[in-house]
Amino acid sequence: MRNVGPVIRERNEQAAGALIGYLPVGFPTLDESVEAAVALVEHGVDVLELGLPYSDPVMDGPVIQAATQQALANGFRLADGFEAVRRITERTDAPVLIMTYWNPVVQYGVDRFADDLAAAGGAGLITPDLIPDEGGAWIAASERAGLDRVFLAAPTSTDARVRQAVESSRGFVYAVSTMGITGARTDVDSAARALVARLHEAGAEAACVGLGISTAAQVAEVLEYAEGAIVGSALVRALAEGGVAAAGELAAELARGTRIQ
Amino acid sequence: MALRAQTGPYFGDFGGRFVPESLVAALDELSEAYELAKLDPLFQEELAELGRSYTGRPSIITEVPRFAAHAGDARIILKREDLNHTGSHKINNVLGQALLTKRIGKQRIIAETGAGQHGVASATAAALFGLDCTIYMGEVDTERQALNVARMRLLGAEVIPVTAGSRTLKDAINEAMRDWVTNVETTNYLFGTVAGPHPFPEMVRDFQKIIGEEAREQVLALTGALPTAVAACVGGGSNAIGIFHAFLDDTDVALYGFEAGGEGVETSRHAATISKGRPGVLHGARSYLLQDEDGQTIESHSISAGLDYPGVGPEHSWLSAIGRAAYRPITDAAAMDALRLLSRTEGIIPAIESAHALAGALELGRELGPESVILVNLSGRGDKDMETAARYFELLDGGSAE
């Protein structure tokens, strides 16, 4: 298992910062999602975020919804998530985080989920609908299993909640760039810059910005003030439209944004 | 502690706030505004006045002896929320939340709707208060409740058919939440039932509990005693909690929630969440839900769009867990039979949702016997369901209703 903290630190020493790439497990098939994830890493993605398809994804925009709905229709099971992590970490050194809504973890059993994720070589979880206030069981399980846990901070979060996100997270804090859901946007909100500054003030070693990032220029812009840039919908769209090769090409293009300017 | 005194965020092991961080500030703002409003006599008076002069409160009770003859000769008394302006109990909640929207200074409301009753009520409140209004409704429901879509649009609301997932109420809630996450600074979410993240289960209950408070006094005045049992249909559970709440600490009064049994709880096509589900997290709260082994939500089924929901409010899960209320399934067929029976025996056409409670009362009457008094929440009227009923009973093709 490789945790994300050291990788993000290393990329901030050697480059402008880390590029984090999201893909859903099982889209378009389990095999292709594994191939695509490996291709992302081979083309310059530093940390992988693998989404587990879920029936009620309230934080996801249309591109990711369509992909995860297809994965579910193809018969995605939670066990496929662990298998994907295992196959990817056997072939790459990049840390692999799972992005999952909370109910599947609850049903699997929080401790059992943590153990099986660690055994598969996963780095930890990003939990879009779990706030630290409700996260006691997960904080304990991840602490025990040595897993990263990424909580979110939003532009509307109070100072107290920003502090709580920083103190509860391990690996990095996910800074929601704008008020909204996943999906490419032409402008990454200036709210992101202010939020990352607040996270740093509260003691965050690593703040990574997500939601709306789809170009190398946006990656470069975000990495001026944040330790990582997270790209999701744009990669999923590339995979949907042009297959593994197109996803790899986009990753290579996005990785140009991590060069020191 | 009195059961009535229970507040959010937790009802036993249920409730809480399982939401994206982006919504926490708005939920906190709403909670604070609601806590202040609860203690503010001006707010309470304004709400009570709207109840009197706009909704038509108090709603009456009606005893239905010809219907009760089919229920083991128990006495059956209906609480007539169907007579409220807009045709259901949903107006009680939206007027409260719309007043609160004005207080927190937002100009736009959004809402989800299944049968369309909450959507119509929200559109009505938006018109009354001059608010912009967007309603999310599953595409399946916009088709089976087309008349309510027209009503909402006539009232000036924008109705957005939701094509994601199962295209019903749960997906409408997902889409409304996505809208709220995006537009939270200008927009308030008028949640329609006692589910969702804190403060909704508590707040919606408080806006609906007037149903039981009135009915308790009315039944006492009519019969000189409290009822033997109280019956209500349960989808998310707002009308049920509304009529149950005043009776929670009356330990001699049995409380029954009737869930949508669809084509039968032995099939996969039902919405009997407490009867057949298990605890999990959906739409911001921990509660019972219909889900598969992996925690994926299972699509529910009911002939009634308003009960076609795979979750249920956390307070109901708690009342079930502590044994204070019992929850039973009622099939589509039993509900439709009860709908026709009330229409024929009493001249009252109930909503298909409420017909589940009526079918439950028929069962209860036979079990409890002629000495029993059963209070039923007639939560809505059947006008919106005429197309479904006409098809079901073949009323338009020259087919016999017999």
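Just so we're on the same page: letters track the sequence lines, and every chain starts at 1.
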Among the options A:Val105, A:Asp56, A:Asp60, A:Ile131, pick out the one with the most heavy-atom pairs lying under 4.5 Å from chain B.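 Among A:Val105, A:Asp56, A:Asp60, A:Ile131, the one with the most close pairs to chain B is A:Asp56.
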
For [X], which atoms come within 4.5 Å of any heavy atom of chain B: side chain, backbone, both, or neither?
X: A:Val58; answer: both
X: A:Pro155; answer: neither
X: A:Leu52; answer: neither
X: A:Tyr54; answer: both
X: A:Ala153; answer: backbone
X: A:Pro104; answer: both

Taking CD in A:Glu205 as the centre, count heavy atoms belonging to other residues, nucleotides or ligands within less than 6.0 Å. Is the count above 12? no

Are there more than 12 heavy atoms of other residues, nucleotides or ligands under 6.0 Å from atom CD of B:Glu266?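 Above 12, so yes.
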
Region of B:Pro9 that comes under 4.5 Å of a non-hydrogen atom in chain A: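 No part of it gets close to chain A.
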
Of the backbone (N, CA, C, O) and the side chain (C-beta and beyond), which part of B:Leu23 lies under 4.5 Å from a heavy atom of chain A, both, or neither? neither

Would you indicate whether the side-chain heavy atoms of B:Glu21 and A:Val176 approach each other to under 4.5 Å?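 Contact flag for A:Val176/B:Glu21 side chains = no.
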
Report yes if the side chains of B:Asp294 and A:Arg77 come closer than 4.5 Å at any heavy-atom pair, otherwise no.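 In short, these two side chains touch, coming nearer than 4.5 Å.
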
Without hydrogens or angle criteria, can the side chains of A:Asn103 and B:Gln291 be said to hold a donor-acceptor pair below 3.5 Å? yes

Just how far is it from atom [atom1] of [X] to atom [atom2] of [Y], taken to the nearest 0.5 Å?
X: B:Arg17; Y: A:Asp129; atom1: CZ; atom2: CG; result: 14.5 Å
X: A:Asp133; Y: B:Phe18; atom1: CG; atom2: CZ; result: 10.0 Å
X: A:Leu211; Y: B:Ser22; atom1: CG; atom2: OG; result: 7.0 Å
X: A:Gln65; Y: B:Thr163; atom1: CD; atom2: OG1; result: 8.5 Å

Does any N or O in the side chain of B:Gln296 come within less than 3.5 Å of the main-chain N or O of A:Ser55, such that one atom is a donor and the other an acceptor?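 Checking the backbone N and O of A:Ser55 against the side chain of B:Gln296, a donor-acceptor pair under 3.5 Å is found.
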
With distance as the sole test, does B:Arg178 use its side chain to make a donor-acceptor pair with the main-chain N or O of A:Met59 at under 3.5 Å?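 No; judged by distance alone, with no hydrogens or angles, the pair does not exist.
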
Would A:Glu134 and B:Arg286 pass as an ion pair if we require N to O under 4.0 Å?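 B:Arg286 and A:Glu134: not salt-bridged.
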
Start with the C-alpha distance between A:Thr156 and B:Glu185, add both sets of side-chain angles, then the distance that settles side chain to side chain contact (heavy atoms under 4.5 Å, CB included), and finish with yes or no. CA-CA 9 Å; A:Thr156 52; B:Glu185 276 170 42; 4.0 Å; yes

